[in-house]
Each structure stands twice: as C-alpha cells, then as structure tokens.
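Data block below; observations after.
Below, read A as the first sequence line, B as the second, and so on, with proteins coming before strands; counting in each chain starts at 1.
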Amino acid sequence: MSLKIFDTLQGQKLPFEPLNPGKVGIYVCGPTVYDMAHIGHARAYVAFDTVVRYLRRRYDVTYVRNYTDVDDKIIKRANERGEEPNVLSQRFIREFETDMTALAVKPADIQPKVTEHIPEIIALVDKLVANGAAYASGGDVYYAVQKFANYGRLGRRALEDMEAGARVEPGDLKRHPMDFALWKAAKPGEPFWESPWGNGRPGWHIECSAMSAKYLGETFDVHGGGKDLIFPHHENEIAQSEAASGKTFVKLWMHNGFVTIDNEKMSKSLGNFFTVRDVLGKFDPQTLRYFLLTTHYRSPINFSDTTLKEVEGRVKYLYETLLRLEDKLQDEGSANAPYRMDWVANVVGRFEEAMDDDFNTAKALGDLSEVFTAVNDILAKPGDVATDLRTLRALKQAIQEVGSVLGLFVEPPRDVLSRMQGRRQAASGVDAAAVETLLAERQAARKSKDFARADAIRKELTAMGVTIKDSPTGTTWELA
RNA sequence: GGCGCGGUACCCAAGUGGCUAAGGGAAGGGUCUGCAAAACCCUCAUUCAUCGGUUCAAAUCCGAUCCGCGCCUCCA
C-alpha cells in the first residue's frame, strides 16, 4: 500500500516519499482576492483539501495556502469601487473563507498574505539582483529568464519558441521579452512599500517563492495549483526560487484540471462564469463538494444545473440512508456476531487503494456506492439481528472514516437533509402549513378507505411539486 | 504556429497490457404498498472515436486519421 502521485514536471505517477520521513510540506497557490470565489476555486481547494486530509492519515503535514492581496486586479477593482485596495481584499478574504467553510474545506495550517511578507519578498528580490539573476530597470526589477537554464521545463516549452509570440512594447524596460517583473514601481495613487529600487510593490510570482521558503524551506515536498498556473506562474516560481537558493525548489508538482461549462473553460470573457455563492444558492454545499469529487482531480469537470440536480438527488439518497442507519443503530447491538458480507472489513482498505492511486476520489465514490446499497439492503431485508447490527455498525464506521477524508457525511444527516429541504421550499414558495393541512385531510380519507379522495389530494400535492411517502410511522413529504 | 490533454453504454464516469469493462443517472421488469413514493432485486457496452501495427494477450503500447479541449496574456 503505497501512495503514488502524478508529478507535472516528470509527467507521470511517482511513488510518494517525503523529503523528511513522516513529514510533508505542501504549498498551494491561493486566490487573488478581488472578487467572489468561483467554482474553479472551489474545485482546486476541495481537491487539495482532500489531498491534505488524506496525507494527514500518514504524515505530519504542514499545509500552506496563501492569499494574494495586492495585485493589479485588486487595485483596478478598488479604484472602480472607490475603495481602499486592502479593504477590498480583506472583504473578499472573508467571503472566500465563508465559501470554503460551507464546502467543508478546512483552513490551511498557514495562510500567509502577501502584504504581510514584503520584507521577505524584498530580501529575495535583492538576492536575485545581487547574484545576477535579476536586474533593476526604471523603478522595476525584472527576472532575466535567459540566465535560468531550465526555464520552460515545467510548462514544456522552449524559450526560443516563446519569443516569437511575445509582445514587445516599445520602450520596454525588459531586456528579454519573456523577462517578468519581481518588483513593480508604484504609479501615483497605488499602494506601495519602500524598497532599494524605490517605492513599489511585488510582482505576481515572487510572493510564492518568498512565502513558501519562509514556511516550508527552500526545498519542500509538494506544490499545487490549477493547471492554468503551470505557465507562467509556477515556471517563474521555480526560476526565482532555484536561482536564489541553488537548490531544487519542489519535489513534486500537482495540478488540478479546470471546471468547464459546455465543455469550455469557465471564464468571464465567455460569460459562462459561476460563483460558489451562486451555486450554493441553488444546491447544498455537500452536493457541490460531492460533485467536485466525482471526477478525478486532473481531468476537466463539466458543470451544469442538470448534473448538479442529479448529484443532489444522489447526495440526498446517501444522507437518507445514513439517517435510516442511525435510527436503526439506536437499538442495542451485539459485540462479535459475523459480518453479513465478507468485504465489510475491507471498505477502508479499498478506499485507501483508490486514494493511493493519485487520489482517485471518483473510484472511491464509486466503491462507496456499494456500501450504501448494502446498508439499505440490510435495512430492507433484515436477517439475523446480531449479524445485521454488527455489519451495519462496521459499515457506518467505515463510511464515517472515508467521509472524514472526503469531507462528506460529517454533519448529522438530519441537518443536511433539512437544509436541502429548506432551500427547495424557499425556492418553490410552497407553504408548509398548506401541505400539512392537505396531508391531514388525505390521512382522514385514507382512514375511511376513501382512496379516490386520498389520491385526488395526492395529485393536488404532486401538482405543487410535493412528493409524499407513507410509512408505518406516518406520512412525510418533500419537494421534487 | 509551438506544446499538452482527452474521445469508454442514452447521459455522467472509473479502468491505461491478461480474471465477468467499476459506480451513478435514465430506461424496462419485479418485490413491497389500498395505490403510490422511497428502498431492495433483476435487465441494460462480445465492446472502449476510426484505421493499421506490436504482442500468446490491448480500451490499455506504437503509428496515422478524424473530432473536442487547454496552455503559450490575467486566471484555480
């Protein structure tokens, strides 16, 4: 049982071995906080949250995920809104954290902000200028890509190929078109910090080099982010960090695939953009999380309302099963009866097999389906009481253990189900009291065997979007 | 143009050299039910874009072709 992870740099799955036995340092590029988080963010952070949760089963993990809280887009947005950049970024950090909490994404161990690491950044830029990897030009400082032999290795592209397409502005301060800014001179009205090169602010890529080194060291185990960060962001991080330290920057690179809409990358220019908040207005956070885990993290995942509806139905089934299971387990059980099926003892083992193969949550979820079916099977067709209870207990424990890694099935099923029901009810505008009245009327009709009347009422309810379930303990209802 | 990824049933989606091609949804049949709903059971790809090749053996490896997507500019 050994963990294999796909490394972007090598282009293949590799057995994972931490640099320091028992310990893992992982850095994931966080959001630039100038707007609400979108589903692409949700995907990335749910994916890495799951990775980290799984790694923590075996290692002492230090997980760092930054906030980029100073950048062109933030300044632009703040100006548009007549707001201070730092006020705007702080606000979107809070919104981001609200969304992540809803999605059961645990905070990273360290969540550094760029604005709180300016001295480290300046020191790093200074070092790069001193050793010739970078040069000051105007009030800016640029990284000289030609000085870094491996430039383009992560993104699999040659410097010569890139020059052709690069736009060279007249009077550009860069020596080479692909050189990128480590430090940008402040324009009037922009936030700035004092530096040896004048007032300015960090370029986009340098922050991650500076902050990862500070918290994880000059060489660390895993660096992750979305596929769109491979080039130039991560390429540039490697160039900066390795030119400064002379050491290998990162042992293994992980990149998650995109969220697509109609099979095209989600982007504002295409107008196919959904925020997490939009989606959580229509679907349960557990639905979104489950959906994001149904496809392997490196593949694209296509988002649509139809799919989410389907997934919510599934998630509802899972929680209803859990609810039935819990109710059943109220009964006192036996200690060492046999299991009803022999695979029961190995549910977690199978889960680890799936996760060990580059965190295959899609496979893991597929396997889990059989567990839930088994639970319902036992509940629907009870056999020997002692055997059933022992089996159900074991299955419940396995579901909980697997769920604690996937970030599912942690909340009480009743809470999740009533949250879903509440959202549907609010959206449909159905009056619960009116439904109850009709149900009481139908109950009376049924009691007097007036089934025609009872069915007429059910038809009426169906027209309202209400589905009812009769059971020995009473009638419940829900919105389709 | 350069580089990369992918095409598995009606839909979504695992599987990347060898037991019966996971799982979910939809659909059809059944059990249960006054009838339903829910739940459970059964059925549902001799076949993995196409064409060649390698191999005792390929959805899985190689080549070609067609189609879709992404990166090369800010992006998770």
Side-chain angles (χ1 to χ4, degrees), chain A residues 8 11 13 28-32 34-35 37-48 68 71-73 76 152 155-158 160-167 178 204 224-233 235 255-260 262-269 273 290-291 294-302 304 306-307 309-311 313-314 316-318 320-321 324 350 354 357 360-370 372-381 446 449-452 454-455 458-459 461-462 466-472 475-478 480:
Chain A
T8 306
K13 283 183 211 171
V28 172
C29 287
T32 299
Y34 71 104
D35 205 345
H38 57 249
I39 345 176
H41 292 114
R43 191 198 191 175
Y45 303 121
V46 164
F48 285 106
T68 297
D71 133 294
D72 291 344
K73 290 189 293 293
K76 182 164 176 275
R156 286 165 213 286
R157 42 184 46 96
E160 308 81 66
D161 297 338
M162 291 185 278
E163 290 177 44
R167 293 172 298 190
M178 293 310 292
W204 175 34
K227 271 194 160 85
D228 44 1
L229 297 182
I230 294 173
F231 193 91
H233 186 56
E235 191 76 60
H255 293 95
N256 65 275
F258 299 129
V259 174
T260 59
D262 296 328
N263 296 311
E264 287 188 316
K265 184 182 172 185
M266 213 176 57
S267 75
K268 288 191 173 173
S269 54
F273 196 82
Y290 188 95
F291 163 72
T294 53
T295 299
H296 185 92
Y297 76 91
R298 280 189 286 119
S299 303
I301 185 169
N302 198 51
S304 74
T306 317
T307 307
K309 263 183 202 135
E310 191 183 307
V311 171
R314 185 66 188 163
K316 186 159 154 275
Y317 161 86
L318 298 173
E320 280 174 345
T321 302
R324 284 192 284 269
R350 272 220 296 174
D357 185 13
N360 194 339
T361 57
K363 171 78 161 55
L365 251 22
D367 292 344
L368 245 203
S369 278
E370 293 175 15
F372 280 80
T373 300
V375 169
N376 278 316
D377 185 23
I378 296 169
L379 294 174
K381 289 171 232 158
R446 287 179 74 209
K449 307 269 187 214
D450 182 359
F451 294 121
D455 290 350
R458 181 168 61 203
K459 209 171 169 186
L461 286 164
T462 304
V466 174
T467 308
I468 61 180
K469 290 186 205 174
D470 295 325
S471 82
T475 299
T476 59
W477 63 281
E478 63 189 33

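- Of the two residues near RNA chain B, A/P232 and A/D367, the one whose nearest nucleotide lies more 5' is A/D367.
- No N or O donor and acceptor, one from the side chain of A/R314 and one from the base of B/G25, sit under 3.5 Å apart.
- No engagement by A/T307 is indicated, since no non-hydrogen atom pair under 4.0 Å with the nucleic acid exists.
- In this structure, A/H38 and A/F273 have perpendicular ring planes: the angle between them is above 60°, well past the 30° mark.
- A/E478 comes within 4.0 angstrom of nothing in the nucleic acid, heavy atoms only.
- Across all strands shown, A/R156 has heavy atoms under 4.0 Å from sugar-phosphate atoms exclusively, and none from any base.
- Here the side chain of A/M266 is nearest to one of B/C40, B/G23, B/A76, namely B/A76.
- Judged by Watson-Crick or G-U wobble contacts below 3.5 Å, the nucleotide B/C61 has B/G53 as its partner.
- Interface remark: the A/H255 side chain does not form any donor-acceptor pair with the B/A76 base, using a distance-only criterion of under 3.5 Å.
- A/N256 comes within 4.0 angstrom of a base, heavy atoms only.
- Both A/D377 and A/R446 sit near RNA chain B, but only A/R446 has its closest nucleotide nearer the 5' end.
- No hydrogens or angles were tested; on distance alone, nothing pairs the side chain of A/D228 with the base of B/C74 as donor and acceptor under 3.5 Å.
- Nucleotides B/A9 and B/G4 are separated by 27 Å at their P atoms, to the nearest Å.
- Between the side chain of A/R43 and the base of B/A76, no donor-acceptor pair under 3.5 Å is found.
- Stacking of A/R157 on the aromatic ring of A/F231 is recorded, both the 6.0 Å distance cut-off and the 45° axial limit being met.
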message = Test side chain to side chain contact (heavy atoms under 4.5 Å, CB included) on A/T475 and A/R446; report intermediate values, then the result.
response = CA-CA 12 Å; A/T475 299; A/R446 287 179 74 209; 4.1 Å; yes
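- Checking B/A36, B/A76, B/C69 against every side-chain atom of A/D470, the shortest atom distance belongs to B/A36.
- Using a 4.0 Å heavy-atom cutoff across all strands shown, A/T373 reaches sugar-phosphate atoms only and no base atom.
- Taking the side chain of A/N376 as heavy atoms from C-beta on, and the options B/G24, B/U73, B/A39, the nearest nucleotide is B/A39.
- Note on A/D455: a base of the nucleic acid sits closer than 4.0 angstrom, heavy atoms only.
- Here, B/A57 and B/G18 have their P atoms 14 Å apart, quoted to the whole Å.
- Here A/V311 lies out of heavy-atom contact (under 4.0 Å) with every strand.
- Within 4.0 Å (heavy atoms only), A/F258 reaches at least one base atom of the nucleic acid.
- Judged by distance alone with a 3.5 Å cut-off, no donor-acceptor contact links the side chain of A/R298 to the base of B/C5.
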